[in-house]
Amino acid sequence: MERVFLSSPHMSGNEQKYIQEAFDLNWIAPLGNNVDGFEKELSEYNSINHAAVVSSGTAAIHLALKLLDVQPEDTVFCSSLTFVATVNPVLYEGATPVFIDSEPDTWNMSPVAIEHALVDAKRDGNLPKAVIVVNLYGQSAKMDEIITVCNRYNVPVIEDAAESLGSEYKGQKSGTFGQFGIYSFNGNKIITTSGGGALVSNDEESIQKARFLATQARDPAVHYQHSEVGYNYRMSNIVAGIGRGQLEVLDERVNQRRSVFNNYYEAFKDIQGIEFQPELKDTRSNRWLTALTINPEKAGITRNDIIHALDEQNIEARPVWKPMHLQPLFEGCKYYSHHNNESISDQLFENGLCLPSGSNMSEETQDKIIKLILDLLPTD
Ligand SMILES: *Cc1c(COP(=O)(O)O)cnc(C)c1O
């Protein structure tokens with residue numbers, strides 16, 4: 001029995017055409033027409049002026065922090081409920097993360113907690129160099145509220161839209177709200193290049209600087225001159241070809257993932273103790289992963305019961321991300337919860353579950369997963 005993954009690559013069939021073009025032109029090496037084409041098409045799709053495609057989403061976050069001049073003595077505020085890749089680049093620069101809780105309406109950064117953290121930071125004369133806001137599982141954070149409070153303190157926002165490419169907030173594409181947005185094309189994301197990422201911005205100068213930093217920071221001289229540290233972060237022309245083929249079907253993939261979500265929703269919506277990650281009014285989630293919480297007292301089963309039962313059938317399900325403020329790596333880091341005595345991300349981690357959500361999952365597979373879960377529920 002083949003393993004069913006949370007999210008697996010789903011090719012369009014056109015990727016090979018773009019790769020073949022690169023071979024025909026013998027343009028295998030970094031940069032070239034696919035890189036230029038992918039950057040242009042990705043910017044157009046998101047209605048943003050500029051994009052630099054790079055080797056990973058993590059590299060894109062790192063470049064954003066470099067562009068905002070994050071230094072070792074600085075702090076960076078960051079959503080706690082996320083994948084570690086959001087925060088690792090803060091450590092690359094030797095800076096200190098401060099973690100911000102989620103709120104219940106989106107599972108993303110709490111505008112209340114971020115304001116609290118900024119008030120304290122201002123009082124202590126230690127405002128952060130940047131705020132990194134994550135859009136979990138495709139659902140956009142409360143961008144208006146978060147951007148408003150960050151603007152009040154003049155702190156730039158980096159939008160980690162690694163999971164929310166194709167999602168919308170008030171009709172505007174996810175990833176285009178902060179000074180910088182980042183996307184990921186890792187193998188498990190809604191579209192993939194096998195590995196890759198992008199940094200987007202409306203500021204042309206910043207994106208040009210990002211491209212410079214991502215190609216070893218070469219000064220304009222024939223003799224390879226360097227005045228600052230650079231990185232080898234550019235996306236290759238072959239990989240960008242995969243991206244162009246994938247971008248053509250992004251909207252289709254969003255609809256497919258939303259339909260997977262709807263099937264789960266219809267099956268479980270009336271079950272006591274099961275709550276789905278909400279979709280905030282005036283937003284459209286790409287539903288990258290269907291995420292829900294299981295209240296064991298009300299549902300009569302635990303999140304882990306479901307994970308184990310599915311695993312026995314070779315089906316992958318996982319808890320929601322373990323919050324960063326609970327990770328050994330970030331022991332001792334400051335954390336601001338949504339309410340004084342209530343941490344939303346702790347609760348989501350305790351009972352939260354992600355179900356297989358691939359756009360290429362068959363109806364039969366999905367029906368089987370739904371039936372396995374329904375069979376676990378107590379009959380009364
Ligand atoms: C996947 C992911 C990243 C990192 O992207 P890579 O391309 O794997 O480096 C960053 N943030 C979040 C929230 C992610 O899910």
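Start at 1 and go down the list; that is how both ligands and their atoms are numbered.
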[X] N/O to ligand 1 N/O under 3.5 Å:
X: T58; answer: yes
X: D160; answer: yes
X: G57; answer: yes
X: E163; answer: yes

Can you tell me if [X] and [Y] form a side-chain donor-acceptor pair at under 3.5 Å?
X: D101; Y: S80; value: no
X: D120; Y: Y336; value: yes
X: Q246; Y: H10; value: no
X: N314; Y: E2; value: no
X: N186; Y: N188; value: yes
X: D24; Y: Q20; value: yes
X: D251; Y: Y45; value: yes

4.0 Å heavy-atom contact, A60 with ligand 1
no
Do me a favour and list the nearest non-hydrogen protein atom to [atom] with residue, atom name and distance?
atom: atom 4 (C) of ligand 1; value: A85 CB, 3.4 Å
atom: atom 2 (C) of ligand 1; value: K189 NZ, 2.9 Å
atom: atom 5 (O) of ligand 1; value: S184 OG, 3.2 Å

Checking heavy atoms under 4.0 Å, the part of A162 that sits near ligand 1 is side chain
So if I count the atoms of ligand 1 from 1 in the order they appear, which ones are less than 4.0 Å from some heavy atom of [X]?
X: T82; result: 13 (C)
X: N186; result: 7 (O), 8 (O)
X: G196; result: 7 (O)

Check against salt bridge (charged side-chain N to carboxylate O under 4.0 Å, His left out), K142 and E115:
CA-CA 13 Å; K142 291 184 172 172; E115 176 147 34; over 6 Å; no
